[in-house]
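A short write-up of the structure that comes next.
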2 protein chains.
Amino acid sequence: MNDKATGLELNHESRLQIEDHQSIRLWLRLLTCTNMIEQRLRARLREEFATTLPRFDFMAQLDRAPDGLTMGELSQRMMVSGGNVSGIANQLSGEGLIDRSPVPDNRRTLCVTLTDKGRSRFADMAAAHERWVVEMLGDLSQAEHQQIMMHLTKLKRGVAALES
Amino acid sequence: MNDKATGLELNHESRLQIEDHQSIRLWLRLLTCTNMIEQRLRARLREEFATTLPRFDFMAQLDRAPDGLTMGELSQRMMVSGGNVSGIANQLSGEGLIDRSPVPDNRRTLCVTLTDKGRSRFADMAAAHERWVVEMLGDLSQAEHQQIMMHLTKLKRGVAALES
DNA sequence: CTTAAATACTTTAAATCTAAAATGTTGGAC
DNA sequence: GTCCAACATTTTAGATTTAAAGTATTTAAG
């Protein structure tokens, strides 16, 4: 049976291999695009605001959550380790850009918020950041934006749904 | 004139803002997808092969270039600093997975190649790596693959074409 | 109430990564 | 030939990151 089906099996297999390689190529392309954009943003944040991408991300998460976030929520949303978040929080707190206030009914958690200084500092950076991103993604039409978003949404769901 | 056109200007401006936010959202989605995939790959490489993503990437670049690559080429292709490449090369060389041989007509450059041991070690990892990636991107049809690739190619060109 | 597991966070140790300086090499300009 | 800028790489110092261990708190089971 295996021998008889060899022709078809090969076709099938070679098709699969092509699809596999396409997956790898797609992943590498995704990685390249992200790296390119990330490196540009990183360089510009350093040059123009003397800050880093993780610090910017930290503040962006807080800016989007006016009621504040716990350290754990920040860790999840930034997709970095908890220890990392602690370190960045120490810096930003030292510079007076964020507040860490205890939560009444749970002494383990801290609620992190932007200070007024932090909020206004972030506003400047966010405006520039948005300009840079638009500049980089500007070649794509709105229709293309929507298509990629749709596909990446599907991709994201697929990855998130995997076990472990 | 400015006052007269206010209505239209506002429309125009708000449309622009929407597009701007879409660019940001697209960038964040791109980043999230890449991070999710990257973290899974990183964890699996560690669990199953006791190695890291940069080391895997280093070997993958060499596997794709049978004639070998210089340190500078590796740095470019991996999109990391030269110093970083030196460090990883030291590790892999110490484990007998790569060779660094001088180039006859230019004593500044080193030609890096996989050893037989490195090539066979990489083959195992690459097979698993490909399974993992296919597993994660498998929800997308071939047509979708091609569409995203097309869009990311355009995106990549746009970013690469920017000054500086 | 006591204990044990789970949770939220921080600390630690080691690896990674970067920018910048240092080293050695090459290729003209003169 | 001599110098000087450009190049390829390594080294260095410092920042970032992670996984894992540690601390403190909460929850819930017995």
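Atoms considered below: every heavy atom in the structure, side chains included; atoms not considered: hydrogens, waters and symmetry mates. To find a chain, count down the sequence lines: A is the first, B the second, and so on, and within it residues start at 1.
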Starting the side chain at C-beta, find the nucleotide from [options] nearest to [X].
X	options	answer
L110(A)	dT17(D), dC9(C), dT26(D)	dC9(C)
T109(A)	dA8(C), dT25(C), dT10(C)	dA8(C)
P54(B)	dC17(C), dA20(D), dA8(C)	dC17(C)
T52(A)	dC17(C), dT16(D), dT16(C)	dT16(D)
S86(A)	dT9(D), dT18(C), dT10(C)	dT10(C)
R46(B)	dT16(C), dA19(D), dT16(D)	dA19(D)

inquiry  = Using the ring centroid of each side chain, check whether F56(A) and F49(A) are separated by less than 6.0 Å.
reply    = no
Round to the nearest Å and state the distance from [X] atom [atom1] to [N] atom [atom2].
X	N	atom1	atom2	result
N90(A)	dT17(D)	CG	C1'	15 Å
F56(B)	dT16(C)	CZ	P	16 Å
M79(A)	dT17(D)	CE	C1'	15 Å
E73(B)	dT9(D)	CD	C1'	13 Å
L53(B)	dC17(C)	CG	P	9 Å
M71(B)	dA8(D)	CE	P	13 Å
M78(A)	dT16(D)	CE	C1'	11 Å
R100(B)	dT10(D)	CZ	C1'	10 Å

ask   = With a 4.0 Å cut-off on heavy atoms, is G72(A) in touch with a base, just the backbone sugar-phosphate, or nothing at all?
value = sugar-phosphate
ask   = Base, sugar-phosphate, or nothing: which does V80(A) touch, judged by heavy atoms less than 4.0 Å apart?
value = sugar-phosphate
key: Earlier contact from the 5' end, DNA chain D, for G87(B) and D105(A)   = G87(B)
note = On DNA chain D, more 5' by nearest nucleotide between T70(B) and R42(B) is T70(B)
key: Among R119(A), R121(A), R77(A), salt bridge (charged side-chain N to carboxylate O under 4.0 Å, His left out) partner for D63(A)   = R119(A)
Looking only at the side chains, is there a donor atom on one of [X] and [Y] sitting less than 3.5 Å from an acceptor on the other?
X	Y	result
Q39(A)	N35(A)	no
T153(A)	R29(B)	yes
T52(B)	R42(B)	no

note = Walking DNA chain C from its 5' end, the first of R108(A) and Q39(A) to be reached, judged by nearest nucleotide, is R108(A)
request  = Measure across V103(A) and L110(A) and return the closest heavy-atom pair with its distance rounded to 0.1 Å.
outcome  = CG2-C, 4.3 Å
Within the pair [X] and [N], is there a side-chain N or O less than 4.0 Å away from OP1 or OP2?
X	N	result
N84(A)	dT18(D)	yes
R107(A)	dA8(C)	no
Q91(B)	dA15(C)	no

